[in-house]
Amino acid sequence: MTIASPSPKLGLALGSGAARGLAHIGVLKVLDEAKIPVDIITGTSIGALIGAMYAAGVPVAQMEDVALTIDWRKMASLLDPVLPTSSLTDSRKLVAFIAELLPAREFKDLQQTLAVTATDINTGEAIIIKQGDLLEALQASLAFPGIFSPVRFGQRFLVDGGLCNPIPTNVARNLGAERIIGVCTIPAVKKQTPETFLPGRHGDATNISRWRKLFSARTIEQAFRSALGQEPETILEEDSGQLKAPNIFRVCAQSVAIMENLINELHISQNPQDLIIRPTFDGITLLEFHRAEEIIAAGESSAREALPEIEYLLHPA
C-alpha cells in the first residue's frame, strides 16, 4: 500500500498596501474554502494585521464582516492629532480598536506561526518580530511614515515594514516554509505626463495661515476623511480653482507607495517564491477603505484563478 507523502509546509506572505491590503481577506477566504492549510504566516503593515487575525483564529467571514460594515468615516476619530514633530497623528486609539478584534495578546497565544516586519527608522534595517507583545508589534508594522508616530521598541524606533520588505516571502522561508505564496497588493504606480508643478507664494501671510490651518486638529481629521474618499478635498486649493494639491495624507501615502513599488519589484526578483498572487484593482487608491467590498472581491478573484497552481504546489502530480 502506498502511503501519501505529507504536504509541504505552506508559508503565506501578506504584503502591505493600505486599503488594497483588504484583498488579503479575499485570498484567505478562497484558501479556507479549498481547505488549503497554511502553516506559517508572515505579514507587513496591513498584511501583518490580517495575518495576525487569521493566526489568532478569527474566522475569515468575521474579518470580511468587519471590513464591510465599519463606518470608515468614523475611523478618523481613532486618530489623535499631535503637534507635528515625527508624525501627524498618534496610533494609540487605533491599537485599542485592533485589540477589540484580536483574541490574542502575545505571539505565543496564536494558533499558527506568525512573524511581522517593521523598519528601524534610524538605521533602515528590516526588523522581524515573532515573539512578545503582539499589539506592540502590529502597531510598529502599521506605523505609516508621516501619518503615525514611530513606535518605541527596545532601543529602536520602528515604522511600517513595507519600507524594507513589502512582501516578506524570505521571512516565511527562514521560518521553515517549504512552499511560499506571496500576496502583493501594490499595483504599479502610474506616471503622469507631463509633470505638473504647483505655483505658490512663499513666506507671505496667506501661506502662513494655510500652514496653521493644515495642522489644526479639525483639518487633520478632515484630510483623513477626504483621503478615505468620504469628503471633497478643500485643503490647499489653488486660487484658480482648477489645480489643487493633494492633501497631506495623500502625499504621504503616495510617496510611500512609489518607494514600496520599486522595493517590491526588487524583492520579487531577488527572493524566490513559488507563487505570487497579485489582485487587479480598478482605480482603487491606497486610502479608499470604503471600497472594501470591491477590494476583497479582487483578492478572492485572483486567488480563485491561482487555485490550480496552489494545489499543484502542495500536491505535484
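Since the structure is predicted, the reported quantities are computational estimates derived from the model, not experimental observations.
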Can you name the closest pair of heavy atoms from [X] and [Y] and give their distance?
X	Y	value
Glu309	Leu275	OE1-CD1, 3.5 Å
Phe289	Ile46	CE2-CD1, 4.2 Å
Gly43	Pro168	N-CG, 3.8 Å
Pro103	Val58	CD-CG2, 3.6 Å
Asp109	Ala104	CB-CB, 3.9 Å
Ile276	Cys184	CG2-CB, 4.3 Å

Using 0.5 Å steps for rounding, measure from the [atom1] atom of [X] to the [atom2] atom of [Y].
X	Y	atom1	atom2	value
Ile310	Arg179	CD1	CZ	13.5 Å
Thr169	Leu14	OG1	CG	11.5 Å
Leu163	Ile121	CG	CD1	6.5 Å
Asp160	Leu142	CG	CG	7.5 Å
Ile25	Leu68	CD1	CG	7.5 Å
Met63	Asp65	CE	CG	12.0 Å

Does any N or O in the side chain of [X] come within less than 3.5 Å of the main-chain N or O of [Y], such that one atom is a donor and the other an acceptor?
X	Y	result
Ser141	Ala137	no
Ser302	Ala298	yes
Arg152	Gly154	yes
Arg105	Ala99	yes
Asp274	Ile181	no
Gln112	Ile41	no
Arg173	Ile180	no
His24	Gly299	no

Inset, instruction - Give the C-alpha distance, both sets of side-chain angles, the deciding distance and a yes or no for side-chain contact (heavy atoms from CB on, under 4.5 Å) between Arg156 and Thr123. - result: CA-CA 9 Å; Arg156 297 177 182 271; Thr123 67; 4.0 Å; yes

Inset, instruction - For side-chain contact (heavy atoms from CB on, under 4.5 Å), just list the numbers for Phe153 and Asp133, CA-CA rounded to whole Å, side-chain angles, deciding distance to a tenth of an Å, and then say yes or no. - result: CA-CA 10 Å; Phe153 203 87; Asp133 190 315; over 6 Å; no

Inset, instruction - Test side-chain contact (heavy atoms from CB on, under 4.5 Å) on Ile167 and Ile186 and set out the steps. - result: CA-CA 10 Å; Ile167 312 174; Ile186 303 176; 5.9 Å; no

Inset, instruction - Check whether more than 12 heavy atoms from other residues, nucleotides or ligands sit under 6.0 Å from atom CD of Gln131, and answer yes or no. - result: no

May I ask whether [X] and [Y] are part of the same hydrophobic cluster, defined by side-chain heavy atoms of I, L, V, M, F, W, Y residues being less than 4.5 angstrom apart, directly or through others?
X	Y	value
Ile40	Leu110	no
Leu135	Leu49	yes
Ile296	Ile284	yes
Leu31	Val60	yes
Val183	Leu175	no

Inset, instruction - Answer yes or no: is there a side-chain heavy-atom contact under 4.5 Å between Pro150 and Leu158? - result: no

Inset, instruction - Ignoring hydrogens and angles, state whether a donor on the side chain of Tyr54 or Asp32 is under 3.5 Å from an acceptor on the partner side chain. - result: yes

Inset, instruction - Identify the residue among Asn170, Thr44, Thr42, Thr119 that makes a side chain to side chain donor-acceptor pair (under 3.5 Å) with Asn165. - result: Asn170

Legend entry - Partner set under side-chain contact (heavy atoms from CB on, under 4.5 Å) for Leu101, not counting sequence neighbours: Met53, Val66, Phe97

Inset, instruction - With side-chain contact (heavy atoms from CB on, under 4.5 Å) as the test, would you mind laying out the steps for Ile36 and Glu311 before giving the verdict? - result: CA-CA 8 Å; Ile36 303 292; Glu311 294 280 6; 3.7 Å; yes

Legend entry - Test: Glu33 and Lys29 ion pair at under 4.0 Å: no

